[in-house]
Amino acid sequence: MLPLLLVLVLAVPLVMSTRKQKKQQAAQQDLQNSLAPGDRVMTTSGLYGTVADTSGDTTIDIEIAPGVVTTWLRLAVREKVEPVVETEEDAADEAVETPAEEPAVIESATAVKTEEPPTTAQVAPPLEHGKK
């Protein structure tokens with residue numbers, strides 16, 4: 001009876017983990033097959049972009065910036081993400097904050113004091129060879 005109980009204790013978690021892996025693989029396969037131009041995606045490396053072309057069997061073209069299209073493996077697409085929608089309030093807040101921030105950046109850039117680099121004598125003392 002004890003060996004049967006031991007086999008059950010080991011077999012049940014193994015079967016459950018196998019089912020979980022199969023579900024994850026099926027979900028990933030569905031994602032790969034459902035990609036279409038215009039979808040906003042995130043790659044496994046964390047890069048966000050918009051799907052530009054899905055005509056390849058194993059590759060996909062992603063536009064990462066306006067006019068910049070890169071080719072990726074389909075497997076590198078981690079998930080679909082919702083496009084960022086900027087509301088009118090957010091745009092108004094950014095328009096008000098941007099001019100106020102620029103002079104501070106310019107002032108701090110002009111206040112930078114430059115120093116001469118230290119000479120080698122100031123950095124480290126000379127090495128003494130041959131003394132014991």
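In the hydrophobic cluster analysis, where Ile, Leu, Val, Met, Phe, Trp and Tyr join through side-chain heavy atoms closer than 4.5 angstrom, Leu47 is grouped together with Leu35.
Taking both residues in full, the closest heavy atoms of Ala52 and Pro37 are given as O-CB, 3.9 Å, listed atom of the first, atom of the second, then distance. Heavy atoms only, all atoms of each residue included: Arg78 and Gln28 are closest at O-OE1, 4.0 Å. Here the closest heavy-atom approach between residue Val41 and residue Val51 is recorded as CG1-CG2, 3.8 Å. Among all heavy-atom pairs drawn from Lys80 and Leu31, the shortest one is CG-CD1, 3.7 Å.
Using a 4.5 Å cut-off on side-chain heavy atoms (C-beta onward), Ile62 and Thr50 make no contact. Ile60 places a side-chain heavy atom less than 4.5 Å from the side chain of Val77. Side-chain contact between Tyr48 and Thr43 is absent, with no heavy atoms from C-beta onward closer than 4.5 Å.
Heavy atoms from other residues, nucleotides or ligands lying under 6.0 Å from CG of Asp57 number 12 at most.
Distance check, rounded to the nearest 0.5 Å: CZ of Arg40 to CD of Glu63 gives 10.0 Å. Taken from CD1 in Ile64 to CH2 in Trp72, the straight-line distance is 7.5 Å, to the nearest 0.5 Å. Between atom CD of residue Gln32 and atom OG1 of residue Thr54 there is a gap of 11.5 Å, rounded to the nearest 0.5 Å. Note: Gln29 CD to Gln24 CD = 14.0 Å, rounded to the nearest 0.5 Å. The distance from atom CD of Glu82 to atom CG of Asp39, rounded to the nearest 0.5 Å, is 10.0 Å. Expressed to the nearest 0.5 Å, how far CD of Gln25 lies from CD of Gln21 amounts to 6.5 Å.
Using modelled atom types, one side-chain atom of Ser17 and one backbone atom of Leu14 make a donor-acceptor pair closer than 3.5 Å.
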